[in-house]
Amino acid sequence: MVVFQKNKSGHPSLSRYHQDLIGKYMRLKHAPYFLLCNVGPELEADPSASEVAIGSSPTEFPTLAEAAAAPSPAKENRQQKIQEHNAYAAYLRHVERQQEPFNYLEQTTLTNFQDWLQSPLQPLSDNLESITYEVFEGDPVKYQQYERAITEALRDWAAQKKPTSSPGDDGAVVIAVAGSGRGPLVTRALRASENTGVPVRVWAVEKNPNAYVYLLRQNQKQWGGRVTVVKTDMRAWKGPLLQQASSSSGGQTENVYGKVDILVSELLGSFGDNELSPECLDGIQHVLAPGHGISIPQSYTAHATPIATPRLHADIAQREAAGDTTAFDTPWVVQLFAIDYVAQRGVPDRPRFQQAWEFAHPLPATTVAAVEARRAGGVAGGGGGSMAGAAGANDHNTRQCHLVFVCRARAIVHGIAGYFESVLYAPEGESEGENGEAREKVELSTLPDMIDRKSKDMISWFPIFFPLKVSLLFHLYLCCVSRTLSYAFLRWNGVVRENLLTGWLTFVPNTLATPLRPARF
Ligand SMILES: C[S@@+](CC[C@H](N)C(=O)[O-])C[C@H]1O[C@@H](n2cnc3c(N)ncnc32)[C@H](O)[C@@H]1O
């Protein structure tokens, strides 16, 4: 196959597509050798060398005069350099030099994790280990974005002179970090306060007992005792304790709880909501100050695209053959690498990456009222959360989508790749930044075509991969994923094939299996 073209100066070159392909291969953990065919020799015949040989039979030693006339090693080297200059090989070396070097995080993580299947974390039902938090904390980008978001929110708070939930409204904005882990977001919240000069009162809420102990130590050593640390499931938290219950001769008083102005959380999974952020935040939303309390993140969206990945398909098939009966029912977290996007880029209304659904926080008051009405019970002592109570109490978190992708050519589809985006904070009003520039939304994105613009170099989340047991040959690919019913079914060429497909396309997002799950999950 001839892939080389001639550029304007007549030198060999490759199309942008081929350059990208080669660039991608060069970033593989085990980079392949590149064999160039029919492009002439790398080392051309050396005319001066043949001159030296003239007159000497190959079996004879040269005479002293002949030896003296032979080129010196240094001269030979020089000549060799010139002779090595095969234009095609030189061009390939040029392509190699154009590759962006790995940043320090990529070097240690990306290459090791390429196409390596991991089960998704379940931070709600499991308690994460310290080492897992350490890995999270190794990615500065996520925390920088959160700090930017809190900074912008505090600026708006001060500029708009919004009331605060501090006792006596003393001007300190009340921030709660729900699911604080070992506290990096608490540190960022305190830093945002220092940078903006807006005073804050900070609460750290965490249910993992090991992380709780770590938070207590952080508070002593790093935060100067400025943070109130609470060990509880956020869905059972009643809010900042303002006054402890007491009993005296005059009678008994109840605990008095306050409200929270900014609720900061990071409960996002590779597909946005798949680690149950909506359900957890529903359960704590009652602590937000009515009217002006905000959530960071404000919203998140899940995105999907069909992919061809023979390598992952073979890996999952092998696991199944080895006895893992759920291998094809697992949504795998994986740094997708040796894949091909099946969907065409740039098709109007049918982009390669399509949004499946969105969640926004806080819920509107009408939704909360409807949920309350449907709920038959609740978690004792707190807000309960939408996962508690009767069937139907979580209906507002049901999402369905129907996405249509146009394939580039007849293609094999091995599964669906999932990504997410999140708006952490969208600055309010017409206000400008410190240097007069328009203030932008603070966002996170794992979408391959958006990550560089929204959260460059962020590596906290790898994509999710929903495998298909039987790889399919598609022209037009339609995918329908239902969050509540936890299964996917596909249609193609407009023909619904549910009967055929149910069974082997079923996947159960295991991240949804939590102790407090509602009956329908
Ligand atoms: C993805 S980690 C993020 C930790 C930390 N905020 C960070 O960014 O490094 C999510 C944290 O939320 C906690 N978490 C999850 N669900 C919770 C719940 N219902 N109540 C309290 N904490 C929860 C987990 O234990 C975990 O520490």
Side-chain angles (χ1 to χ4, degrees), residues 118 120-147 149-150 175-191 202-216 218 222 227 229-239 260 262-287 295-297 300 333 361 378-379 381-388 394 420 422 424 444 446 455 458-462 511-518:
Q118 295 172 270
L121 291 175
Q122 301 189 44
L124 176 56
S125 55
D126 298 339
N127 283 324
L128 303 179
E129 294 181 15
S130 200
I131 180 76
T132 312
Y133 289 115
E134 208 170 309
V135 173
F136 293 157
E137 292 160 19
D139 174 9
V141 178
K142 177 183 97 175
Y143 300 107
Q144 278 157 11
Q145 292 298 84
Y146 266 88
E147 184 178 329
I150 300 168
I175 297 180
V177 179
S180 329
R182 304 199 307 178
L185 292 178
V186 175
T187 305
R188 298 297 181 139
L190 292 170
R191 203 181 290 171
V202 181
W203 295 71
V205 180
E206 174 58 58
K207 54 107 187 152
N208 180 346
N210 306 319
Y212 169 69
V213 174
Y214 197 95
L215 287 170
L216 291 176
Q218 285 287 92
Q222 208 193 327
V227 177
V229 182
V230 184
K231 187 191 151 304
T232 179
D233 187 310
M234 67 180 79
R235 294 166 297 173
W237 192 45
K238 287 187 168 180
V260 167
I262 303 178
L263 182 64
V264 180
S265 67
E266 192 284 272
L267 304 162
L268 299 169
S270 296
F271 206 41
D273 57 285
N274 64 303
E275 289 182 8
L276 297 185
S277 178
E279 284 78 3
C280 288
L281 293 184
D282 283 359
I284 194 178
Q285 133 150 21
H286 70 102
V287 305
S295 165
I296 292 177
Y300 33 90
V333 168
H361 301 283
V379 171
S386 60
M387 286 195 288
N394 200 32
F420 83 93
S422 174
L424 295 180
L444 304 177
T446 63
S455 46
M458 183 177 73
I459 57 154
S460 288
W461 291 270
F462 290 150
T511 49
L512 299 182
T514 74
L516 288 172
R517 66 187 186 172

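Bear in mind that the values here come from a model prediction, so they are computed numbers and not experimental data. Whatever order the structure lists them in is the order used to number ligands and atoms, beginning at 1.
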**Request:** Check whether any side-chain N or O of H286 sits under 3.5 Å from a backbone N or O of W237 as a donor-acceptor pair, and report yes or no.
**Result:** yes
**Prompt:** Looking at residues at least two apart in the chain, or sitting in another chain, which of them share a side chain to side chain contact (heavy atoms under 4.5 Å, CB included) with Q118?
**Reply:** F113, W116, V333, F462
**Prompt:** Counting only N and O atoms by type, is there a donor-acceptor contact under 3.5 Å from the side chain of D139 to the main-chain atoms of V141?
**Reply:** yes
**Item:** Student check: side-chain heavy atoms of P209 and K231 closer than 4.5 Å
**Value:** yes
I'd like a table of the close N/O pairs between ligand 1 and the protein (anything under 3.5 Å), one pair per line with both atom names and the distance.
unit_1: ligand 1; atom_1: 6 (N); unit_2: G179; atom_2: O; d: 3.0
unit_1: ligand 1; atom_1: 8 (O); unit_2: K142; atom_2: NZ; d: 3.0
unit_1: ligand 1; atom_1: 8 (O); unit_2: Y143; atom_2: OH; d: 3.4
unit_1: ligand 1; atom_1: 9 (O); unit_2: Y143; atom_2: OH; d: 2.7
unit_1: ligand 1; atom_1: 19 (N); unit_2: D233; atom_2: OD1; d: 3.0
unit_1: ligand 1; atom_1: 20 (N); unit_2: M234; atom_2: N; d: 2.8
unit_1: ligand 1; atom_1: 25 (O); unit_2: E206; atom_2: OE2; d: 2.6
unit_1: ligand 1; atom_1: 27 (O); unit_2: Y133; atom_2: OH; d: 2.6
unit_1: ligand 1; atom_1: 27 (O); unit_2: E206; atom_2: OE1; d: 2.8
unit_1: ligand 1; atom_1: 27 (O); unit_2: E206; atom_2: OE2; d: 3.4

**Message:** Between Y133 and N208, do the side chains contain a donor N or O and an acceptor N or O under 3.5 Å apart?
**Reply:** yes
**Message:** We want to know whether Y300 and S277 form a side-chain donor-acceptor pair, criterion being a heavy-atom distance below 3.5 angstrom.
**Reply:** yes
